[in-house]
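The first residue of the sequence shown is numbered 1, and numbering continues consecutively from there. Quick caveat, the model's predicted, so the values are computed rather than measured.
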Amino acid sequence: MADKKKILFVCMGNICRSPSAEAVLRKMAQDRGLDLEVDSAGTIAYHAGEPADARMQRHALKRGYHLTSISRPIVASDFDTFDMIIAMDDANMAELEALAPSEAARQKLSLMTTYCTRFTHTSVPDPYYGGSEGFELVLDLIEDACDGLLEDIEA
């Protein structure tokens, strides 16, 4: 890979789903010997400066993923910086489409679940107000999607 591919994951608050996707993809890419730049952001700034949700961190750690990112909102320059901007659900996608400054920027957008090869969910559901099973489902979907994404990148 001549140029390092730059991937940004986006959810609403950037404390559960997108930091999980960032950590999962980073570890999977490292395990495959791929050098990617991976980051995450939120469509809202409410949690800016905060670490990932403690419950999400605990569930991720059980699978060997360290959620080290600090929440930040998406900014206009992200559309120039990143090659791919991946939304966790339709609401996040709609926000990103509205923020995209050009058609070229909109072409960088995709939905996380489009990379899934085992699951048929159409979005990665927000686990924030649910129980343990919600956090586990998020990780299952993200692992599946990141595996599919890496297969696309390697192809």
Side-chain angles (χ1 to χ4, degrees), residues 4-30 34-102 105-116 119 121-150 153:
K4 184 188 288 194
K5 190 161 280 294
K6 297 174 181 151
I7 301 165
L8 179 68
F9 294 107
V10 179
C11 68
M12 187 170 72
N14 190 216
I15 59 167
C16 290
R17 297 171 291 171
S18 55
S20 295
E22 176 186 349
V24 169
L25 186 67
R26 186 173 284 128
K27 183 176 186 320
M28 286 183 165
Q30 182 180 4
L34 296 175
D35 188 21
L36 303 176
E37 184 175 320
V38 186
D39 196 4
S40 62
T43 59
I44 62 170
Y46 183 78
H47 295 287
E50 295 178 18
D53 180 274
R55 298 164 298 167
M56 191 79 248
Q57 287 190 52
R58 279 193 303 277
H59 286 274
L61 198 54
K62 284 191 241 176
R63 298 186 189 205
Y65 305 115
H66 298 272
L67 277 55
T68 58
S69 64
I70 299 300
S71 178
R72 70 172 183 88
I74 190 161
V75 293
S77 62
D78 287 332
F79 289 94
D80 295 323
T81 302
F82 292 93
D83 302 306
M84 301 176 80
I85 301 175
I86 303 173
M88 295 296 138
D89 63 31
D90 291 333
N92 306 146
M93 181 64 98
E95 290 277 342
L96 291 169
E97 288 170 343
L99 291 170
S102 66
R106 277 187 284 288
Q107 294 300 315
K108 295 179 178 189
L109 303 177
S110 59
L111 200 55
M112 186 71 173
T113 50
T114 61
Y115 302 101
C116 286
F119 290 91
H121 291 67
T122 57
S123 69
V124 178
D126 190 343
Y128 190 79
Y129 294 106
S132 291
E133 60 285 337
F135 292 96
E136 290 298 321
L137 175 61
V138 163
L139 289 167
D140 289 343
L141 292 169
I142 286 172
E143 285 175 338
D144 184 19
C146 284
D147 194 48
L149 174 59
L150 287 173
I153 290 169

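- Atom NZ of K62 and atom OG of S132 lie 6.0 Å apart (nearest 0.5 Å).
- The backbone N or O of C116 lies less than 3.5 Å from no partner atom in the side chain of T113, so there is not a single donor-acceptor pair.
- Across every non-hydrogen atom of L150 and A29, the tightest pair is CD1-N, 3.8 Å.
- Listed for the D147 side chain is no donor-acceptor partner under 3.5 Å among the backbone atoms of D144.
- Listed here is the closest heavy atom pair of L67 and A23: CD1-CB, 3.8 Å.
- L34 is not listed as a side-chain neighbour of M28, based on a closest heavy-atom distance of 4.5 Å or more.
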>> Could you walk me through whether F82 and D39 satisfy the side chain to side chain contact (heavy atoms under 4.5 Å, CB included) test, starting with their C-alpha distance in whole Å, then the side-chain angles of each, then the deciding distance to 0.1 Å, before giving a yes or no?
In response: CA-CA 9 Å; F82 292 93; D39 196 4; 3.7 Å; yes
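- Proximity of a side-chain donor or acceptor of K5 to a complementary backbone N or O of I153 within less than 3.5 Å is not detected.
- Here the side chains of P51 and I70 are in contact, with some heavy-atom distance below 4.5 Å.
- The backbone N or O of K6 lies less than 3.5 Å from a partner atom in the side chain of D83, making a donor-acceptor pair.
- Cation-pi geometry between R55 and Y128 is met: under 6.0 angstrom from the ring centre, within 45 degrees of the axis.
- Between the CZ atom of R26 and the CG atom of L36 there is a distance of 9.5 Å, given to the nearest 0.5 Å.
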>> Pair F9, V38 - check side chain to side chain contact (heavy atoms under 4.5 Å, CB included), show working.
In response: CA-CA 8 Å; F9 294 107; V38 186; 3.7 Å; yes
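- S18 places no side-chain N or O within donor-acceptor distance of the main-chain N or O of V10, the cut-off being under 3.5 Å.
- The CD1 atom of I15 sits 7.0 Å away from atom OG of S71, with the distance rounded to the nearest 0.5 Å.
- L8 is not listed as a side-chain neighbour of M84, based on a closest heavy-atom distance of 4.5 Å or more.
- Annotation: M12, atom CE; neighbour count of heavy atoms from other residues, nucleotides and ligands within 6.0 Å does not exceed 12.
- Shown here is Q30, whose CD atom has no more than 12 heavy atoms of other residues, nucleotides or ligands within 6.0 Å.
- One finds the OG1 atom of T114 at 7.5 Å from the CD1 atom of I86 (value rounded to the nearest 0.5 Å).
- Put simply, CG on L96 and NZ on K108 are 12.5 Å apart, with the number rounded to the nearest 0.5 Å.
- Residues I74 and F79 form a side-chain contact, since some pair of their non-hydrogen atoms from C-beta on lies under 4.5 Å apart.
- Between D78 and L99 the shortest side-chain heavy-atom distance does not fall below 4.5 Å.
- In terms of heavy atoms, M112 sits closest to C146 at CE-SG, 3.7 Å.
- Nearest heavy-atom pair across A41 and P73 is CB-C, 4.0 Å.
- Heavy atoms only, all atoms of each residue included: P125 and R17 are closest at O-CD, 3.4 Å.
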>> Would L111 and V124 count as a side chain to side chain contact (heavy atoms under 4.5 Å, CB included) here? Give the steps.
In response: CA-CA 9 Å; L111 200 55; V124 178; over 6 Å; no
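- Using a 4.0 Å cut-off between charged nitrogen and carboxylate oxygen, E136 and R63 count as a salt-bridge pair.
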> Does the pair D90 and S123 meet the rule for a side chain to side chain contact (heavy atoms under 4.5 Å, CB included), with working shown?
Replying inline: CA-CA 7 Å; D90 291 333; S123 69; 5.7 Å; no
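- F135 and C16 make their closest contact through CE2-SG, 4.1 Å (heavy atoms, listed as atom of the first residue, atom of the second, distance).
- Within the 3.5 Å criterion, the main-chain N or O of A52 finds a donor-acceptor partner in the side chain of Q57.
- Under the 3.5 Å distance criterion, with hydrogens and angles disregarded, no donor-acceptor pair is assigned to the side chains of E22 and Y65.
- Atom OH of Y46 sits about 15.0 Å away from atom CG of N14, to the nearest 0.5 Å.
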